[in-house]
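Start at 1 and go down the list; that is how both ligands and their atoms are numbered.
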Amino acid sequence: MHADTVVGRATSTPSSAEKAVAPASAGASLIDGTALAKIIRGELAEEVRELHARGVTPGLTVVLVGEDPASAVYVGAKEKASREAGMTGETIRLPADTSQAQLLALVEQLNADGSVHGILVQMPLPKQIDPDTVILHIDPKKDVDGFHPVNVGKLLIGQADGFAPCTPAGVQRMLVHYGVETRGADCVIVGRSTIVGKPMAALMVQGGAGADATVTICHSRTRDLAAHTRRADILIVAAGRPRMITADMVKRGAVVIDVGMNRIADASTKSGTRLVGDVDFEGVRQVASLITPVPGGVGPMTIAMLLRNTVRAARRTLGA
Ligand code: GUN
C-alpha cells in the first residue's frame with residue numbers, strides 16, 4: 001500500500017465499510033461499493049419504516065421498453081433493491097415497438113399517480129422514441145434519475161433540492177466515505193456523457209464535502225489523454241472502453257474510480273464472457289492508493305442512490 005505517497009486521500013480513521021474490505025494483495029486498497037451500498041440501504045430501510053409510520057410507502061416505478069438483456073438485468077436489480085428496502089418497486093415492461101405517444105401517455109399517468117414517487121425510464125430506448133422528449137415529460141419532482149433539465153440546472157447551480165444523477169452521486173458518496181481529500185485536488189474525469197461525466201464534473205466542482213476539486217473533463221477528442229490522467233489526484237473513468245486506462249497513465253498514490261462496465265469475451269469462464277471496467281485493474285492497482293473493482297465498485301452505489309432519491313421524493317410529498 002502506498003499510503004505514504006497518497007495525494008488525494010485523507011488519513012482519517014477507516015469507516016466501517018472500509019474496515020470490512022480486505023486490502024488488495026499488492027498496491028491499492030479496494031473501495032468496496034457492495035459493502036458501502038449495503039450500509040446505505042440499511043439506513044434507507046430505517047427511513048422507509050419512519051415513512052410507513054406516517055402513512056407513506058415510497059414507490060419506484062421503472063419502465064423498460066424492449067428486451068435489451070443488459071437493461072433487463074439492471075431493472076431487475078432496481079426492483080429487488082426497492083422491495084428489500086421496504087419500498088414499492090414496480091417494473092412496467094413494454095414491447096420494443098411501443099410508440100413514443102404510448103410511452104408519453106404512460107409517463108403522464110405515472111406523474112398523476114400519488115403512490116408513485118419515483119419514475120425511471122430505462123435507457124437506451126428503441127430508436128422510434130426520442131429519450132430527451134420522454135425525460136422532459138417526467139415530473140421533475142419524480143425524476144429520481146436526475147435527468148430532467150430542471151434537475152440538471154439545479155445541479156449546475158448547486159441547489160440541493162433537485163435530484164443528482166445516481167452514478168455520480170454514488171461516486172461522490174464513496175469519496176466522502178473513504179475520507180478522500182477532494183478539496184483543491186486535481187480531479188480528472190474521462191468521459192463526457194450526460195449520465196456520468198458532465199454531472200460528475202458539476203458535483204466535484206461545487207463547494208462542500210466531497211467536492212471543491214479542480215476539475216478537468218477529458219473525452220474522445222482530448223489531445224494527449226495520458227498527460228491529463230497522470231496529473232490526477234482523483235481519476236474517474238466513464239468512457240465505455242475496456243481497460244483503456246493503464247498503469248503508466250496513473251500518478252502514484254492516485255484514487256481511481258472505474259465507472260466502466262464492459263462485457264468482454266473470456267473463454268475461461270462458463271458463460272464465455274467477463275465483466276471488466278475502463279481501467280486495467282491489475283496494472284493500475286500497483287500504483288493507485290485506492291481503487292474501485294468491477295464488479296462490486298460503482299454499480300451497487302448507483303442503485304443505493306436511486307433508492308435514496310426515491311425516499312427523498314416520497315419525503316417531500318409530506319413537505320419534509
Ligand atoms: N441506463 C444505464 N444507466 C441508466 C441510468 O442510470 N438510468 C436510466 N434511466 N437508464 C440507464
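- With respect to atom 1 (N) of ligand 1, the closest heavy atom belonging to the protein is Met123 O, 2.9 Å.
- Only the backbone of Val121 comes within contact range of ligand 1, with a heavy atom under 4.0 Å; no side-chain atom does.
- Taking only nitrogen or oxygen atoms, main chain and side chain alike, Asp145 reaches within less than 3.5 Å of ligand 1.
- No side-chain donor-acceptor contact under 3.5 Å links Asp278 to the backbone of Asp258.
- Remark: Ser268 pairs with Asp266 by the side-chain contact (heavy atoms from CB on, under 4.5 Å) rule, at least two apart or across chains.
- Residue Gln122 has at least one nitrogen or oxygen atom sitting less than 3.5 Å from a nitrogen or oxygen atom of ligand 1, judged on distance alone.
- The existence of a salt bridge linking Arg54 and Glu50 is excluded, since no basic side-chain nitrogen approaches an acidic carboxylate oxygen closer than 4.0 Å.
- Polar contact check, Phe147 against ligand 1: no nitrogen or oxygen pair lies under 3.5 Å apart.
- The cationic group of Arg316 lies under 6.0 Å from the six-membered ring centre of Phe163 and within 45° of the ring axis, placing it in a cation-pi geometry.
- A distance-only check finds a donor-acceptor pair linking the side chain of Gln206 to the backbone of Leu155 [under 3.5 Å].
- Near Leu120, with a cut-off below 4.0 Å to any heavy atom, the atoms of ligand 1 are 9 (N).
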